[in-house]
Structures are given as C-alpha cells and as structure tokens.
Amino acid sequence: MFIKKLQLTNFKRFTDLTLDLSEQATPPKLVLIIGANGSGKSSIFDAFEAVSSKTKDDTTLPPTYYRKNAENDFKVTIELSNHQTITRLDD
C-alpha cells in the first residue's frame with residue numbers, strides 16, 4: 001500500500017497543499033521533501049500524526065494547534081493505493 005495523494009487545507013503552514021504521487025507509472029521508492037527552514041516540511045509529517053491520533057477530542061493539544069487560520073477548521077485527506085481514503089476534519 002502506498003500514499004497516492006495528500007491534501008492539506010488550513011493546516012499549519014499551508015492554506016491549500018496537494019502532494020499528488022498518483023501520476024507516477026510506478027510508486028516511487030523514495031520521496032524527498034526538501035526546503036528552507038520554516039517552509040513546512042515538518043507540517044507534512046504533523047498531518048500524518050493528526051490523522052493517526054486517537055480522536056479529535058484528545059486534549060493534549062489545543063483545538064487550534066493544527067490550524068493555519070484559527071478561525072477556520074483544518075482538513076487532512078490521504079488517498080492510498082488500495083482506494084482507501086483517510087480524512088481528518090477539525091470541526
């Protein structure tokens with residue numbers, strides 16, 4: 001199983017970001033995420049944490065922790081190669 005697409009909306013550094021690996025003929029064996037300090041590389045991994053966390057009611061983080069704009073909800077969507085989609089909405 002491989003990640004085909006990652007979409008982040010109002011998530012940390014990103015207003016709207018889509019990483020689409022589905023156009024590749026074969027899934028890449030290595031994906032590099034490079035950029036300057038503060039450009040949001042760690043935010044991508046935080047998205048996986050947000051999706052895999054127990055529940056959105058987890059009180060270890062404030063409700064606005066993942067939000068770029070504190071007034072709007074965030075959304076993380078991960079599409080997998082087995083046609084499964086995992087979504088985390090903060091509402």
Side-chain angles (χ1 to χ4, degrees):
M1 177 171 39
F2 298 96
I3 296 171
K4 290 175 57 176
K5 188 183 287 188
L6 172 68
Q7 294 177 297
L8 306 177
T9 305
N10 193 43
F11 191 86
K12 294 196 111 182
R13 305 260 322 157
F14 304 107
T15 301
D16 186 26
L17 172 74
T18 300
L19 299 176
D20 190 352
L21 302 174
S22 64
E23 299 296 319
Q24 304 293 319
T26 58
K29 294 183 183 204
L30 179 65
V31 176
L32 301 177
I33 301 171
I34 54 176
N37 289 343
S39 63
K41 300 178 301 288
S42 295
S43 297
I44 293 169
F45 293 99
D46 288 341
F48 292 110
E49 177 189 38
V51 168
S52 66
S53 65
K54 295 175 279 190
T55 66
K56 69 179 181 180
D57 298 327
D58 186 3
T59 57
T60 58
L61 296 173
T64 58
Y65 177 75
Y66 292 120
R67 298 179 191 174
K68 179 178 182 181
N69 178 345
E71 297 175 5
N72 298 327
D73 295 335
F74 73 82
K75 180 179 179 183
V76 176
T77 304
I78 302 171
E79 292 181 25
L80 303 173
S81 60
N82 67 354
H83 306 291
Q84 181 182 6
T85 300
I86 303 167
T87 301
R88 164 87 189 263
L89 298 170
D90 180 42
D91 46 3

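Index from 1, following the sequence.
To the nearest 0.5 Å, the span separating CG on Asp16 from CG on Leu8 amounts to 8.5 Å. Taking CZ from Phe2 and OG from Ser22, the interatomic distance works out to 14.0 Å, rounded to the nearest 0.5 Å. Once rounded to the nearest 0.5 Å, the distance linking CG of Leu89 with CG of Asp73 reads 8.0 Å. Within the model, atoms NZ of Lys75 and CD of Gln7 stand 7.0 Å from one another, a figure rounded to the nearest 0.5 Å. A distance of 9.5 Å separates NZ in Lys41 from CZ in Arg13, rounded to the nearest 0.5 Å. Asn10 contributes atom CG, which lies 10.0 Å from atom CD of Glu71 (distance to the nearest 0.5 angstrom).
Judged purely by distance below 3.5 Å, without hydrogens or angles, the side chains of Lys68 and Thr15 pair a donor atom with an acceptor atom. No hydrogens or angles considered: nothing links the side chains of Thr18 and Asp20 as a donor-acceptor pair under 3.5 Å.
The hydrophobic cluster containing Val31 does not contain Leu6, counting ILVMFWY residues as joined when their side-chain heavy atoms lie under 4.5 angstrom apart, directly or transitively. Put simply, Leu21 and Val51 are part of two different groups of oily side chains (I, L, V, M, F, W, Y) that touch within less than 4.5 Å, one to the next.
In this structure the side chain of Ile78 never reaches within 4.5 angstrom of the side chain of Thr85, judged on heavy atoms. Side-chain atoms of Val76 and Asp90, non-hydrogen and from C-beta on, never get closer than 4.5 Å to each other. In this structure, Ile44 and Phe14 have side chains that are in contact, with non-hydrogen atoms separated by less than 4.5 Å.
Taking Asp46 as the reference, Lys12 meet the side-chain hydrogen bond (donor to acceptor under 3.5 Å, both in side chains) condition, with sequence neighbours excluded.
When all heavy atoms of Asn82 and Met1 are compared, the closest pair comes out as ND2-SD, 3.5 Å.
Relative orientation of the Phe74 and Phe11 rings is perpendicular, given thresholds of 30° and 60° on the angle between their planes.
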